[in-house]
Number of protein chains: 2
Amino acid sequence: MPTPQHPPADDGVEPPAHPTTGSLERILPEATLARLTQYLRALNTLQTQGQTRTSSGLLATESGVNPSILRKDLSLLGSYGTRGVGYVVTELAEHISKAMGLNQQWRVAIIGAGNLGRALSGYGGFRSRGFEIVALLDAAPDVIGSTVGELTVADTKDLASVLEATAANIAVLSVPGAAAQGLCDKVVECGVRSILSFAPVVLQVPDGVNLRKVDLATELQILAYHAQNIV
Amino acid sequence: MPTPQHPPADDGVEPPAHPTTGSLERILPEATLARLTQYLRALNTLQTQGQTRTSSGLLATESGVNPSILRKDLSLLGSYGTRGVGYVVTELAEHISKAMGLNQQWRVAIIGAGNLGRALSGYGGFRSRGFEIVALLDAAPDVIGSTVGELTVADTKDLASVLEATAANIAVLSVPGAAAQGLCDKVVECGVRSILSFAPVVLQVPDGVNLRKVDLATELQILAYHAQNIV
DNA sequence: TTCTGTGAACAGCTTCACAGCA
DNA sequence: TGCTGTGAAGCTGTTCACAGAA
């Protein structure tokens, strides 16, 4: 699993608040977040299969986790199950979506229209989950102006105006390592505070900016380690 | 089927396991593995800058971690530093590479030649780290036979023979969710025991097969959670 | 009874603080 | 003196086991 590594967003820190009284938001562990997305996916599947109810055991199997941790995760959101019965599929999905901030529309700008950027802009899994790709940018003259799906590739020189015009609130960096920090800084300057980077470099961002990293070479290297060791 | 896979850890000089435990395999924690790849990258950078020595402090900064955990990680591999001085860049890089199984050539087959598959096959970060893309396969007739870089897209119907002919020992699944489990099974049948999947589904693999997952939609969803919570 | 929700035990990872060595 | 290597403390996340509700 990719390791999260943003500096501990240390704010006042409240001990987990009352289940029902909203002391606004409770902080969910990173590991829980990753699993919640799997539960959502599993719930979707169940829903399309016409199932209206499920149990922690079934849902856990579908999600590839154990029932214990699933119940623990869900209990962090509140008590939405019925003892002796289970969970209502649609209801639970709704609660998870809400807790994860997925019932609003997110506007994503993809910076870097190389192979990876184009792949991401065409990925169906995004739109179906509330993420709209609103811009695709690149620095290469021969790419700028070309169309990818329904998008026209814009010039990274116009980054600021594009981000403003599209009201993007998430940026994806799919650019070479050497260009990443500079573009990252610009994006942050423009007020975007959530960044997903595929660049194989360590990026510095100010406090309050959320950065996640996906590192493809790292994934293969970890695989190689296991491959050489297991049996 | 009988396919040559894991090149036996021939390479006689197994670094003697931990002095205390006679156990052959010093198992490195997953979190450590992820960081080791970052150290490697940082060491590469230092090397190209002409630095021959480094310290845990410097290397930690370059890798985006704190010095304490870096020293702890390295101590799991053995003692390769000099107290009061630091580490020799090339030497340390060599030790890490070896511990991670990166000084052998890994042969990667990419299954799914859609946008993502093509992006992966062209990603420079792989080859430079000992991963050679030896095959690219797809099921779509209009894609089969086309060339991507130096590769010709093969038919997934011929998966078994292609994997055997290329002696692939790592498979990357960049196919739609619906096709993933079937292809995964086939790959495992062919003797490949290391799989990196980008498919947004839970895959079942037998014991002894190493599966890693990268889930792009999950990454954005986690980002969305933080975006809605951090003011 | 069944299956959820949760305190408590447990395991694993990170940080601290300092001993050990060049 | 400076920096590594490492026990020990602290923290976070997972599993267990069972109480509690339908």
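Quick note on labels: first sequence line is chain A, next is B, and so on, each numbered from 1.
For A:Y87 and D:dA21, the OH to P distance is 16 Å, given to the nearest whole Å. With rounding to whole Å, B:R35 atom CZ is found 9 Å from C:dC13 atom P. Look at CG on B:L76: it is 11 Å from C1' on D:dT6, rounded to the nearest Å. The OH atom of A:Y80 sits 10 Å away from the P atom of C:dG5 (whole-angstrom rounding). Going from atom CG of B:L33 over to atom C1' of C:dC13 covers 13 Å, rounded to whole Å. Between the CG atom of B:D73 and the P atom of D:dT4 there is a distance of 14 Å, rounded to whole Å. Separating the CG atom of B:L28 from the C1' atom of C:dC13 is a distance of 14 Å, rounded to the nearest angstrom. In this structure, B:Y39 atom OH and D:dT4 atom P are separated by 13 Å, rounded to whole Å.
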List, with names and distances, any nitrogen or oxygen atoms from the protein found under 3.5 Å away from nitrogen or oxygen atoms belonging to nucleotides 20-22 of chain C.
residue, atom, partner, partner atom, Å
C:dG20, O4', B:R83, NH1, 3.4
C:dG20, N3, B:R83, NH1, 3.0

N/O-N/O pairs, protein side and nucleotides 15-18 of chain C side, under 3.5 Å:
residue, atom, partner, partner atom, Å
C:dT15, OP2, B:N66, ND2, 2.7

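A donor-acceptor pair under 3.5 Å links the side-chain atoms of A:Q181 to the main chain of A:Q204, judged by distance alone. Side chain of B:S97 to backbone of B:A93: a donor-acceptor contact under 3.5 angstrom is found. Proximity of a side-chain donor or acceptor of A:D215 to a complementary backbone N or O of A:P200 within less than 3.5 Å is not detected.
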Would A:L74 and A:Y80 count as a side-chain contact (heavy atoms from CB on, under 4.5 Å) here? Give the steps.
CA-CA 8 Å; A:L74 296 185; A:Y80 302 123; over 6 Å; no
May I have the step-by-step check of salt bridge (Lys or Arg N to Asp or Glu O under 4.0 Å) for A:R35 and A:E30, ending in yes or no?
CA-CA 9 Å; A:R35 285 189 299 265; A:E30 205 72 11; over 6 Å; no
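Counting heavy atoms from C-beta outward, A:L173 and A:L203 have side chains that approach closer than 4.5 Å.
Residues from residues 46-60 of chain A with heavy atoms under 4.0 angstrom of DNA chain C, sorted by number: A:S55, A:S56.
A side-chain contact (heavy atoms from CB on, under 4.5 Å) with B:L223 is found for one member of A:V172, A:I170, A:V108, A:I195 and no other, namely A:I170.
Using a 3.5 Å distance cut-off with no hydrogens or angles, the side chains of B:N210 and B:S194 do not pair a donor with an acceptor.
For the pair A:E91 and A:R53, the salt-bridge criterion is not met [side-chain N within less than 4.0 Å of a carboxylate O].
B:F198 and B:S174 get closest at one heavy-atom pair: CB-CA, 4.5 Å.
Taking the six-membered ring where the residue is Trp, B:F131 and B:W106 present parallel rings, their angle staying beneath 30° rather than reaching 60°.
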